[in-house]
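Heads up: the structure comes next, in structure tokens.
Please read these numbers as outputs of a predicted model, since none were measured by experiment.
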Amino acid sequence: MMHAFPCGTLPLDFVGTLRARRNEEPAEKLATPRQLDAWFIEAGMFDAAPGADETDLDIALDLRESMYALIGARLHGEALPPRAIAEVNKHAAGLPVTLRLSAVGATRTGGTAQGLAALARETVEILGGDDAVLLRECSRPECTQVYLDRSRGHRREWCAMKTCGNRVKAATYRARHSGETGL
């Protein structure tokens, strides 16, 4: 697998394809049309690559950054940027992914625009609904993944315990025990 899906919602995982946004050089996980196609397949949105090209990739990255701008505004209690609202709404109005039933099961097909439309619609549902108050950003300093905190007390700190949570806990443990003399 080329991509990670720690957030539990595809739009937030899509936003997370630009990793470590606060670093001097963030890690771009959608650097090529092939990587965008792989993301759609690995996310389970399509059964076959939609056949993205460079234009599709540019459009996808613009949408991703608009989604991030809106999420960031919600996280910080700021007004939603009008340009980002317009971009997400434009995509949300697009055609849905084609779902077909056959003798062997369901298939999901479509073009990049259809996949982006699905992501935009779910973004609208998150930001415009009750889930907006559950948005959190991972507290590991190097991580900028955003997730919905559905934990019982709404005190979840990391995008995923398996990755960031374990790293933070291991670093805390090492720091706490590095000064011990081993009596």
Are Leu75 and Phe14 connected in the hydrophobic side-chain network, where two residues link if heavy atoms are under 4.5 Å apart?
-> yes
Ile126 side chain near Ile71 side chain, heavy-atom distance below 4.5 Å = no
Inter- and intrachain pairs under side chain to side chain donor-acceptor pair (under 3.5 Å), touching residues 121-136, at least two apart | Asp131-Arg150
More than 12 heavy atoms of other residues, nucleotides or ligands under 6.0 Å from CZ of Arg100: is that the case?
-> no
Measure the spacing between CD1 of Ile41 and CG of Leu36 and express it to the nearest 0.5 Å.
-> 10.0 Å
Single-linkage hydrophobic cluster, 4.5 Å side-chain cutoff, Leu18 and Met67 together | no
Kindly work out whether a path of hydrophobic side-chain contacts (I/L/V/M/F/W/Y, heavy atoms less than 4.5 Å apart) joins Val124 to Leu63.
-> yes
Before giving the answer on salt bridge (charged side-chain N to carboxylate O under 4.0 Å, His left out), spell out for Arg21 and Glu137 the whole-Å C-alpha distance, their side-chain angles and the decisive distance to 0.1 Å.
-> CA-CA 12 Å; Arg21 288 174 179 268; Glu137 187 173 49; over 6 Å; no
With Arg64 via salt bridge (charged side-chain N to carboxylate O under 4.0 Å, His left out) - residues at least two apart = Glu28
Pair listing, salt bridge (charged side-chain N to carboxylate O under 4.0 Å, His left out) test, anchored in residues 1-17, at least two apart = none
Please list every donor-acceptor pair under 3.5 Å in which a side-chain atom of residues 48-62 meets a protein atom from a residue at least two apart or in another chain.
{"residue": "Asp53", "atom": "OD1", "partner": "Thr55", "partner atom": "N", "Å": "3.1"}
{"residue": "Asp53", "atom": "OD1", "partner": "Asp56", "partner atom": "N", "Å": "2.8"}
{"residue": "Asp56", "atom": "OD2", "partner": "Asp53", "partner atom": "N", "Å": "3.1"}

N/O donor to acceptor pairs below 3.5 angstrom from side-chain atoms of residues 80-95, sequence neighbours left out:
{"residue": "Arg83", "atom": "NH1", "partner": "Ser66", "partner atom": "OG", "Å": "3.0"}
{"residue": "Glu87", "atom": "OE2", "partner": "His91", "partner atom": "NE2", "Å": "3.2"}
{"residue": "Asn89", "atom": "ND2", "partner": "Ile85", "partner atom": "O", "Å": "3.4"}

Which distance, rounded to the nearest 0.5 Å, do you find between the OH of Tyr147 and the CG of Leu134?
-> 10.5 Å
Check Arg19 against Ala4 and note the closest heavy-atom contact, atom names and distance.
-> NH2-CB, 3.5 Å
CD-CG distance between Glu78 and Leu70, expressed to the nearest 0.5 angstrom | 11.5 Å
Value rounded to 0.5 Å, distance of NE2 in His3 from CG in Leu30 | 5.5 Å
Residue pairs passing the ring-ring contact (aromatic ring centres under 6.0 Å, His included) test where at least one lies in residues 43-78, sequence neighbours excluded | Phe40-Phe46
The complete set of side chain to side chain donor-acceptor pair (under 3.5 Å) pairs with one or both residues in residues 29-48, sequence neighbours excluded, reads none
Let me check something: any side-chain donor-acceptor pairs from residues 105-116 under 3.5 Å, sequence neighbours excluded? List them with distances.
{"residue": "Gln114", "atom": "OE1", "partner": "Gly111", "partner atom": "N", "Å": "2.7"}
{"residue": "Gln114", "atom": "NE2", "partner": "Pro96", "partner atom": "O", "Å": "2.7"}
{"residue": "Gln114", "atom": "NE2", "partner": "Thr98", "partner atom": "OG1", "Å": "3.4"}

